Amino acid sequence: MSTAGTTSADPTMAAQNYGLIAAFDTAPALYHAAEQVRDAGFRRWDCITPFPVHGLDKAMGLKRSIVPRISLAGGITGFCTGMSMIWWTGAYDYKLMVGGKPLFSPMFAFPVSYELTILFTAFATIGGMLVLNGLPMHYHPVLKHDQIRRGMDDRFFIVIEARDDRFDAAKTRALLEAAGGLDIKELEA
Amino acid sequence: MSTSTATLAANPGATAASGAGASRALMIGVAGLVLTAVGFFISHDSHAVALSYLVGISFCTAIAIGMLLLVLIHHIFDASWSVVLRRQFEHGFAAFPWLGLLFLPLLIGSWMGTHDLVWPWMNLNYDMHGTTVGEDILYQKKSGFLNLGMLTGATVAFFLSWVWLGARLRKASFTQDQDGDIKWTSMNRVTAALGIPMTAISLSFAAIYWIKSLEYHWFSTMYGVWFFANCIRGALCCGVLIMVWLYRRGDFKGILNPNHFHSIGQLMLAFTVFWAYVTFSQYFLIWNANVPEETFWYNLRELNHDGSTNQWWYVGLVILFGHFFIPFFALLSYRFKITHHIITKIACWILAVILIDLCYNILPALKDEHGDSLPFLSMNLVWVLSSVVGVGGVCLWAYLRSLPTTKIIPIRDPRIVECLTHHE
């Protein structure tokens with residue numbers, strides 16, 4: 001079922017245009033098309049595939065994720081929290097001598113700090129991943145595309161957003177066509 | 001072992017035959033062994049030289065055991081990325097018979113004379129806090145386990161089991177190169193299921209007999225695990241050195257990609273944390289319980305009888321920072337893990353600190369007339385290094401001699417394609 005009347009010439013539709021979607025039949029076709037989109041300098045675009053295509057991140061020109069840095073920050077925060085919490089409770093706020101040990105020692109604060117390092121690293125990793133992916137996301141324009149379910153089955157898609165500085169309805173469509181894109185459609189925002 | 005591998009790694013013009021490298025390694029090894037032997041006979045303290053040799057042979061044996069465990073673990077998990085590396089570890093198993101042979105002098109020395117060449121408890125007349133070992137109730141209770149026959153028998157059994165497992169894994173893997181039969185993979189999986197508990201038990205008891213029993217009053221349930229952590233860390237570091245060396249030589253060009261280095265680097269990081277976990281746990285429980293039967297072991301490594309700090313306290317700090325913090329933060333970086341010259345430096349660093357860790361566990365058993373541990377910086381370090389070069393040179397020779405006898409990678413392993421296209 002195709003949505004009738006959506007042409008690129010219609011100015012009112014263009015205002016709500018999310019971008020262009022192109023279909024590909026095989027993973028290699030998608031891979032090489034992605035390389036061309038990357039080389040054309042687009043930044044706001046994505047690939048939709050039914051399974052992970054190895055090496056696609058390179059073909060898309062994606063950098064390594066910054067999630068590990070967020071994890072490290074979380075870990076350091078957790079470690080410092082553990083150390084200062086044990087110091088504050090046992091050696092500052094309510095001085096308590098236990099088993100003839102000093103009021104504070106990194107030795108007995110270590111297990112707590114270590115557990116909090118892991119806990120905060122896990123929170124930072126999950127949280128960082130969710131934020132960077134823009135999750136949770138309840139709506140995405142590609143969901144309106146009548147073919148999109150095949151993206152979970154046997155078809156591959158490239159979506160280029162109209163927000164991208166290099167986006168030009170006619171030129172971008174030509175680029176996708178030249179790259180082997182099939183059934184190129186405009187997506188409603 | 002590390003020293004010689006690093007020397008070779010810096011020489012990209014090494015011939016494919018490895019023959020010249022093998023004979024050079026053997027010459028260096030024999031020179032190291034001869035130097036140690038000379039030290040043993042001229043030194044006024046043959047006990048110190050024997051313990052230094054124990055450090056050297058434990059170091060090399062630990063690395064070989066680590067390689068064995070990594071291959072066994074590889075098979076039990078049906079791993080794919082490590083197929084190429086596994087072949088190199090299989091060549092490493094060629095060192096086991098020689099390690100067993102090189103351990104013999106310590107056993108022979110223990111059977112001769114007053115029996116306390118290496119392990120003081122073997123001499124029942126050995127002075128122990130004003131009494132003798134034979135009259136010490138703690139020894140008497142443990143004598144069923146701690147006696148010359150048991151240690152000899154156990155050590156022989158350990159080496160036989162490692163030689164047997166290594167030979168079995170080698171045979172299956174090398175034969176599969178010829179006939180491509182899947183049954184060899186299944187056979188290795190069975191060997192792994194059997195070999196993992198066998199090796200876990202043997203390496204734990206080896207650590208207890210060879211190293212921990214030097215202070216037989218002491219006890220720690222973490223000891224075998226601590227040794228295991230060092231075994232795996234040493235083997236992973238040697239794995240990295242071999243990978244970089246064969247890559248530079250050209251054999252592994254087009255075979256290894258950055259993801260292989262990333263994967264082994266991740267294991268190095270994981271076992272850095274694991275080592276720290278068990279080592280800290282051992283220290284922390286003893287520190288917290290604060291009972292003299294256990295704390296004396298650490299006191300020997302911190303204080304003299306007059307309360308002054310001894311050298312081992314600083315060695316302990318070197319281990320804390322050098323064996324954990326520095327490798328931990330270095331290995332967090334993705335770039336460091338995949339950059340050959342950086343991961344090589346990290347691997348050499350960890351190998352050096354493993355050796356220091358073994359010194360820390362073995363050498364303070366040498367004591368002066370006050371019962372204080374003899375200092376770390378002493379002539380003993382020369383014997384430690386000559387032993388490592390000696391035993392390591394022989395191990396390297398065994399590895400290099402085995403290397404050209406098979407294909408550089410197991411071309412008919414069912415997982416080889418997955419390995420060659422390894423990705424994150």
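Source: prediction; values computed, not measured. In what follows, chains are A, B, ... by sequence order, proteins preceding strands, each numbered from 1.
- Of residues 332-340 of chain B, those residues with a non-hydrogen atom less than 4.5 Å from any non-hydrogen atom of chain A are, in numerical order, B/L332, B/Y334.
- Heavy-atom neighbours of chain A within the stretch residues 271-305 of chain B, taken at a separation under 4.5 angstrom, comprise B/Y277, B/F280, B/Y283, B/F284, B/W287, B/N288, B/N290.
- Of the atoms belonging to A/S105, it is side-chain heavy atoms, and not backbone ones, that fall under 4.5 Å from chain B.
- Counting only distance, with no hydrogens or angles, the side chain of A/S113 and the backbone of A/M83 share a donor-acceptor pair below 3.5 Å.
- Checked by atom type and distance alone, the side chain of A/D168 pairs as donor or acceptor with a backbone atom of A/K171 at under 3.5 Å.
- Salt-bridge formation is detected for the pair B/R86/B/D413: a Lys NZ or Arg NE/NH1/NH2 atom is positioned less than 4.0 Å from an Asp or Glu carboxylate oxygen.
- Note that CG of A/D25 and CG of A/L30 are 11.0 Å apart. Values are rounded to the nearest 0.5 Å.
- Looking only at heavy-atom pairs under 4.5 Å with chain B, the residue among A/S71, A/P111, A/P68, A/G55 that has the most is A/P111.
- Of the possible polar contacts, one joining the A/N133 side chain to the A/M129 backbone as a donor-acceptor pair under 3.5 Å is found.
- Considering all non-hydrogen atoms of both residues, B/L241 and B/C348 come closest at CD2-SG, 3.9 Å.
- Atom CZ of A/R150 has more than 12 heavy atoms from other residues, nucleotides or ligands within 6.0 Å.
- For residues 219-232 of chain B, a heavy-atom distance under 4.5 Å to chain A picks out no residue at all.
- Taking 4.5 Å as the heavy-atom cut-off, none of the residues of residues 312-324 of chain B approach chain A.
- Contact record, A/G128 with A/I70: CA-CD1, 4.0 Å, taken as the closest heavy-atom pair.
- Side-chain contact of B/S80 with B/H422: a donor-acceptor pair under 3.5 Å is absent, judged by distance alone.
- Put simply, the side chain of B/H260 never gets that close to the backbone of B/M243: no donor and acceptor are under 3.5 Å apart.
- A 4.5 Å side-chain heavy-atom check between A/D165 and A/R44 finds every atom pair outside the cut-off.
- Residues A/A91 and A/F104 approach most closely at CB-CB, 3.8 Å, considering heavy atoms.
- Under the 4.0 Å criterion applied to side-chain N and carboxylate O atoms, A/R155 and A/D183 are assigned as salt-bridge partners.
- Taking the ring axis of A/F108 as reference, the NZ or CZ atom of A/K101 does not stay both within 45° of it and closer than 6.0 Å to the ring centre.
- For A/T49 (side chain) and A/P52 (main-chain N/O), no donor-acceptor pair under 3.5 Å exists by modelled atom type.
- The backbone N or O of A/E186 sits nowhere less than 3.5 Å from a side-chain atom of A/R173 that would complete a donor-acceptor pair.
- Using modelled atom types, one finds a donor on one side chain and an acceptor on the other under 3.5 Å when comparing A/Y18 with A/E161.
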